[in-house]
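Nothing here was measured: the structure is a model prediction, and the numbers come from that model. Quick note: numbers below take in every heavy atom, side chains included, and nothing from hydrogens, waters or symmetry partners. Along the sequence shown, residues are numbered consecutively beginning with 1.
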Amino acid sequence: MNPLNHVAIIMDGNGRWGIKNKNSRNAGHKEGIKTVEKIIKQSIKEKIKYLTLFAFSTENWRRPKKEIDYLFNLLEIFLSDKIDNLYKQNIKLKIIGNKNLTKKLTKLIKRAEKKTSKNKNLQINLALNYGSKDELINAFKLLKKSNKSINEKNFIQYLQTKKIPDPDLLIRTGNTKRLSNFLLWQLAYSEIFFEKKLWPEFNEKDFKKIIKNFKSIKRNYGSI
Ligand code: FPP
């Protein structure tokens, strides 16, 4: 059975769920928070050590301002209202992505990361204003500047995920099969599961089913 240490998730389908059920894309994002909470709880039960959630990509800036503002407001609420709860669950929160965000959000992120920095149960990496190509270019530049030799070991020190093992499993909900500029380096050997359900419909049972399937896969890493 494969050990499961790190799960990464592309939480896709909020907009479609919102339109279908409440005639509002933003209502789908709000509903998506409930799934986030369910999956966090289940991750702890499964003894998963790292959960990386794609909350906002560098490409999501192309969305209407009204939707972007709503999403950032949800993130602010999550980081202010839920942080005590995450702390109590012994969860460490880390943000990956380009941190040039609003003053309010930057302050909330700093506070949340500091408060939970010593927690050990589960590390949640929230990918916010994250784009893998940006991350890779930045890492190449830093490695070049350091004059260290160009090899894998030195390179990964400059990724935002340094000290975080690569995901064992990637789940993308929303019936779409693409990576959308998410963790392109880190997913090199991850098992990928594309889920038909939209993110707000996804639940603990679906998550458990994927984990069960993942555990039975023979992972070869290029060997036989
Ligand atoms: C993709 O669905 C989802 C997002 C861009 C945002 C994800 C955000 C949340 C689940 C809520 C905030 C999260 C946290 C952790 C506080 P989409 O809008 O692209 O859906 P669509 O493909 O149906 O349009």
Side-chain angles (χ1 to χ4, degrees), residues 1-18 20-21 28-57 60 71 74 78 82 85-86 89-97 120-128 130 132 160-161 164-224:
M1 266 217 314
N2 295 314
L4 182 55
N5 203 29
H6 184 174
V7 178
I9 308 185
I10 302 176
M11 309 178 286
D12 194 17
N14 287 347
R16 278 167 285 162
W17 187 93
K20 199 170 98 189
N21 294 283
H29 294 308
K30 191 172 176 201
E31 192 71 18
I33 298 267
K34 292 185 192 162
T35 309
V36 169
E37 289 174 332
K38 285 181 199 164
I39 297 308
I40 292 175
K41 281 213 177 89
Q42 192 59 34
S43 297
I44 292 176
K45 282 193 187 152
E46 301 283 343
K47 302 199 168 28
I48 290 163
K49 284 291 158 202
Y50 301 88
L51 177 67
T52 301
L53 300 173
F54 204 5
F56 194 86
S57 75
N60 287 149
L71 267 169
L74 272 185
F78 184 80
K82 312 275 180 190
N85 190 267
L86 294 181
Q89 293 180 77
N90 200 8
I91 290 170
K92 176 175 175 175
L93 191 72
K94 181 179 161 61
I95 307 298
I96 59 168
K120 295 262 181 294
N121 218 3
L122 167 71
Q123 176 168 329
I124 297 178
N125 308 305
L126 204 56
L128 242 188
Y130 173 86
S132 188
Q160 301 203 17
T161 52
I164 301 172
D166 288 343
D168 301 293
L169 168 63
L170 170 76
I171 300 170
R172 179 177 188 138
T173 58
N175 202 18
T176 304
K177 297 187 176 84
R178 55 174 169 254
L179 295 180
S180 301
N181 199 14
F182 188 46
L183 303 173
L184 300 178
W185 172 282
Q186 297 87 339
L187 293 174
Y189 270 102
S190 309
E191 304 300 331
I192 303 182
F193 283 72
F194 294 108
E195 162 68 45
K196 285 208 170 97
K197 281 192 181 177
L198 305 171
W199 179 248
E201 297 164 339
F202 190 66
N203 60 33
E204 297 91 335
K205 214 170 142 205
D206 303 314
F207 190 37
K208 276 165 76 174
K209 198 167 148 197
I210 291 177
I211 292 173
K212 192 165 175 249
N213 284 344
F214 161 84
K215 289 196 170 164
S216 66
I217 290 172
K218 188 166 176 279
R219 301 186 78 192
N220 287 339
Y221 299 97
S223 175
I224 51 168

Problem set entry | Spacing of NZ belonging to Lys38 relative to CG belonging to Asn203, to within rounding of 0.5 Å | 6.0 Å

For this session: List the steps, then state whether side-chain contact (heavy atoms from CB on, under 4.5 Å) holds for Thr176 with Phe194.
Result: CA-CA 7 Å; Thr176 304; Phe194 294 108; over 6 Å; no

Exercise. Does a side-chain heavy-atom distance below 4.5 Å link Asn121 with Lys49?
Worked result: yes

Exercise. Aromatic rings Tyr221 and Tyr189: how do their planes relate, parallel, tilted or perpendicular, breaks at 30° and 60°?
Worked result: tilted

For this session: Working to the nearest 0.5 Å, report the span between CG of Leu86 and CD of Glu37.
Result: 8.5 Å

For this session: Would you mind checking if Lys45 and Glu204 are paired as a salt bridge, meaning a charged N to carboxylate O distance below 4.0 Å?
Result: no

Exercise. Do the side chain of Arg172 and the main chain of Lys177 share a donor and acceptor less than 3.5 angstrom apart?
Worked result: no

Exercise. So with a 6.0 Å cut-off around NZ of Lys82, is the heavy-atom count from everything else above 12?
Worked result: no

For this session: State, with a plain yes or no, whether a side-chain heavy atom of Phe207 is found less than 4.5 Å away from one of Ile48.
Result: yes

Exercise. Can you name the nearest heavy-atom pair linking Leu4 to Lys215, along with the distance?
Worked result: CB-CE, 4.3 Å

For this session: Flag the pair Glu31 and Lys34 as a salt bridge only when some basic side-chain nitrogen lies within less than 4.0 angstrom of an acidic carboxylate oxygen.
Result: yes

For this session: Answer whether the closest heavy-atom distance between the side chains of Asn125 and His6 falls below 4.5 Å.
Result: yes

For this session: Evaluate side-chain contact (heavy atoms from CB on, under 4.5 Å) for Thr35 paired with Met11, printing each intermediate quantity in order.
Result: CA-CA 9 Å; Thr35 309; Met11 309 178 286; over 6 Å; no

For this session: Output yes when a side-chain donor or acceptor of Gln123 lies under 3.5 Å from a complementary backbone atom of Lys92, and no otherwise.
Result: no

Exercise. Is there side-chain contact between Leu179 and Leu170, with at least one heavy-atom pair below 4.5 Å?
Worked result: yes

For this session: Tell me, yes or no, whether the heavy-atom count around Lys47 atom NZ, taken from other residues, nucleotides or ligands under 6.0 Å, exceeds 12.
Result: no

For this session: Determine whether Tyr130 and Ile95 make a side-chain contact, defined as any pair of heavy atoms from C-beta on separated by less than 4.5 Å.
Result: no

Exercise. Are the side chains of Thr173 and Lys197 in touch, meaning some heavy atoms are under 4.5 Å apart?
Worked result: no

For this session: Taking atom NZ of Lys30 as the centre, report whether more than 12 heavy atoms of other residues, nucleotides or ligands fall under 6.0 Å from it.
Result: no

Exercise. With distance as the sole criterion, is a donor-acceptor pair present between the side chains of Ser57 and Asn60 under 3.5 Å?
Worked result: yes

Problem set entry | Given Leu122, Ile44, Val36, the one that forms side chain to side chain contact (heavy atoms under 4.5 Å, CB included) with Leu51 | Leu122

Exercise. Heavy-atom distance under 4.5 Å between the side chains of Ile164 and Lys94, does that happen here?
Worked result: yes

Problem set entry | Main-chain N/O of Phe214 paired with Asn2 side-chain donor or acceptor, under 3.5 Å | yes

Exercise. Do Trp199 and Ile9 come close enough that some side-chain heavy atom pair is under 4.5 Å?
Worked result: yes

Seminar exercise, completed: Heavy-atom nearest pair, Phe54 first then Asn181, reads CZ-O, 4.3 Å

Problem set entry | Minimal non-hydrogen separation, Pro200 against Gly13, with atom names | CD-O, 4.0 Å

Problem set entry | Spatial distance of atom OG (Ser43) from atom CG (Leu53) [nearest 0.5 Å] | 8.0 Å

Seminar exercise, completed: dist Leu183:CG -> Ser190:OG (nearest 0.5 Å) comes out at 8.0 Å

Exercise. Between Asp168 and Arg219, is a side-chain contact (heavy atoms from CB on, under 4.5 Å) present by the stated rule, with each step listed?
Worked result: CA-CA 10 Å; Asp168 301 293; Arg219 301 186 78 192; 3.2 Å; yes

For this session: List the steps, then state whether side-chain contact (heavy atoms from CB on, under 4.5 Å) holds for Phe193 with Val7.
Result: CA-CA 11 Å; Phe193 283 72; Val7 178; over 6 Å; no

Exercise. Minimum heavy-atom separation for Ser132 to Trp185, with atom names?
Worked result: OG-N, 4.2 Å

Exercise. How many angstroms lie between CG in Leu169 and CD in Glu191, if you round to the nearest 0.5 Å?
Worked result: 8.0 Å

Problem set entry | Atom of Glu201, atom of Asp206 and distance for their closest heavy-atom approach | O-OD2, 3.8 Å

For this session: Quick one: pull up CG in Asn85 and CD1 in Ile40 and give me the separation to the nearest 0.5 Å.
Result: 8.5 Å

Exercise. For the residue pair Pro167 and Leu187, what are the closest heavy atoms and their distance?
Worked result: CG-CD2, 3.8 Å

